[in-house]
Amino acid sequence: MLIRDAEIDDLPAILDIHNNAIAESTAIWDEQQVDLADRLAWFEQRRAADFPVLVCIVDEVVAGYATYGPWRPKSGYRYTVENSVYVAADFHRRGIASLLLTELLRRAGAAGIHAVVAGIETANTTSIALHEKFGFRIVGQLPEVGVKFGRWLDLTLMQLTLPASTPPTRLES
C-alpha cells in the first residue's frame with residue numbers, strides 16, 4: 001500500500017468512490033451523483049488552498065482517498081479543518097482508512113492546523129470508532145439535521161485538537 005498526493009489522473013477513481021458513497025451510504029449527504037468536472041473543480045480548490053488530497057494505492061488501483069478542507073468560511077476558523085476519508089467498497093477492512101488518516105493528520109500538524117473536526121452520520125459506528133482510535137472525541141450530536149434515503153439523519157461531531165500552539169494575535173497574510 002502506498003499513500004501519496006493525488007494527481008489529476010486519479011480523479012476518475014476518486015469520482016467512482018465518491019459517487020458510490022452518494023449512492024450507497026450516508027457517508028456523503030448529497031443525493032445526486034456528480035461528474036468529473038465537479039471533482040476537478042473540487043481538486044483544484046483544494047490545491048489552491050494548500051489542502052492535501054491523498055490517495056491510497058493498492059496494486060496500482062486507487063483504493064481510497066482522504067482530504068481536509070475549511071471547517072467554516074470565517075477567518076477566525078482558519079486553523080480548524082474538517083476531514084474526509086473514503087475507501088472503495090472492494091477495499092474495506094484492510095486498514096486503508098487508518099493509513100490515510102495517519103498521513104492526513106501528520107500533514108495537518110505540519111501545516112499548523114490546531115483542530116480537526118469530523119462530521120459523521122451517527123449510525124456510522126465504523127467511522128466513529130476509526131476517529132476515536134486517533135484520539136477524536138465526540139463533542140456534540142445534532143439530531144435530524146439531514147435527510148437521505150427517505151429518513152432523517154443525525155450528525156455526530158468529533159474533534160481532535162492537535163498539539164497545543166499559541167493562537168496568532170492577528171490575521172496572517
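Values below: all heavy atoms of this structure, side chains included; hydrogens, waters and symmetry mates excluded. Predicted, not measured: the structure shown is a model, and the values here were computed from it.
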[X]: which residues meet the ring pair (Phe, Tyr, Trp, His ring centres under 6.0 Å) condition with it, sequence neighbours left out?
{"X": "F43", "answer": "none"}
{"X": "Y68", "answer": "F51"}
{"X": "F136", "answer": "H131"}

Residues 52-64, side-chain donor-acceptor partners within the protein, below 3.5 Å, at least two apart:
none

Is there a donor-acceptor pair under 3.5 Å between the side chain of [X] and the backbone N or O of [Y]?
{"X": "R94", "Y": "D90", "result": "yes"}
{"X": "H92", "Y": "V87", "result": "yes"}
{"X": "D35", "Y": "A37", "result": "yes"}
{"X": "D10", "Y": "E7", "result": "yes"}
{"X": "K148", "Y": "A27", "result": "no"}
{"X": "D154", "Y": "T122", "result": "no"}

Which value, rounded to the nearest 0.5 Å, describes the distance between [X] atom [atom1] and [Y] atom [atom2]?
{"X": "R93", "Y": "I96", "atom1": "CZ", "atom2": "CD1", "result": "12.5 Å"}
{"X": "L15", "Y": "R39", "atom1": "CG", "atom2": "CZ", "result": "7.5 Å"}
{"X": "L155", "Y": "E144", "atom1": "CG", "atom2": "CD", "result": "13.0 Å"}

State, with a plain yes or no, whether a side-chain heavy atom of [X] is found less than 4.5 Å away from one of [Y].
{"X": "T161", "Y": "Q159", "value": "yes"}
{"X": "I120", "Y": "M158", "value": "yes"}
{"X": "I113", "Y": "T80", "value": "no"}
{"X": "E132", "Y": "I138", "value": "yes"}
{"X": "T156", "Y": "I128", "value": "yes"}

* Asked: Just wondering, more than 12 heavy atoms not from Q32 lying within 6.0 Å of its CD?
  -> no

* Asked: Can you tell me if CZ on R72 sees more than 12 non-hydrogen neighbours from other groups inside 6.0 Å?
  -> no

* From CA spacing to verdict: side chain to side chain contact (heavy atoms under 4.5 Å, CB included), L162, H114 -> CA-CA 5 Å; L162 298 175; H114 182 66; 5.7 Å; no

* Audit row: W42, I14, side chain to side chain contact (heavy atoms under 4.5 Å, CB included) steps and yes/no -> CA-CA 11 Å; W42 164 86; I14 289 171; 4.0 Å; yes

Can you list, pair by pair, the side-chain donor-acceptor contacts under 3.5 Å of residues 97-106, counting residues two or more places apart and other chains?
unit_1: S98; atom_1: OG; unit_2: K133; atom_2: NZ; d: 2.6
unit_1: T102; atom_1: OG1; unit_2: S98; atom_2: O; d: 2.8
unit_1: E103; atom_1: OE1; unit_2: R106; atom_2: NE; d: 3.0
unit_1: E103; atom_1: OE2; unit_2: R106; atom_2: NE; d: 3.3
unit_1: E103; atom_1: OE2; unit_2: R106; atom_2: NH2; d: 2.7
unit_1: E103; atom_1: OE2; unit_2: R107; atom_2: NE; d: 2.7

* Which residues satisfy the side-chain contact (heavy atoms from CB on, under 4.5 Å) test with T26, sequence neighbours excluded? -> W29, E121, F149, R151, L153

Same cluster or not: [X] versus [Y], using hydrophobic residues (I, L, V, M, F, W, Y) connected whenever any side-chain heavy atoms lie under 4.5 Å apart?
{"X": "L36", "Y": "L40", "value": "yes"}
{"X": "L157", "Y": "L160", "value": "no"}
{"X": "L142", "Y": "V117", "value": "yes"}
{"X": "F134", "Y": "V139", "value": "no"}
{"X": "V81", "Y": "L130", "value": "yes"}

* Kindly indicate, with the supporting measurements, whether the criterion side chain to side chain contact (heavy atoms under 4.5 Å, CB included) is fulfilled by I28 and Y86. => CA-CA 10 Å; I28 298 174; Y86 299 101; 3.3 Å; yes

* **Closest heavy-atom pair and its distance - V147, E31** => O-OE2, 3.8 Å

* Salt-bridge criterion met for D5 and R46 (N-O under 4.0 Å) -> no

* Assign the ring pair H18 / Y65 to parallel, tilted or perpendicular, where the plane angle (0 to 90°) is split at 30° and 60°. => tilted

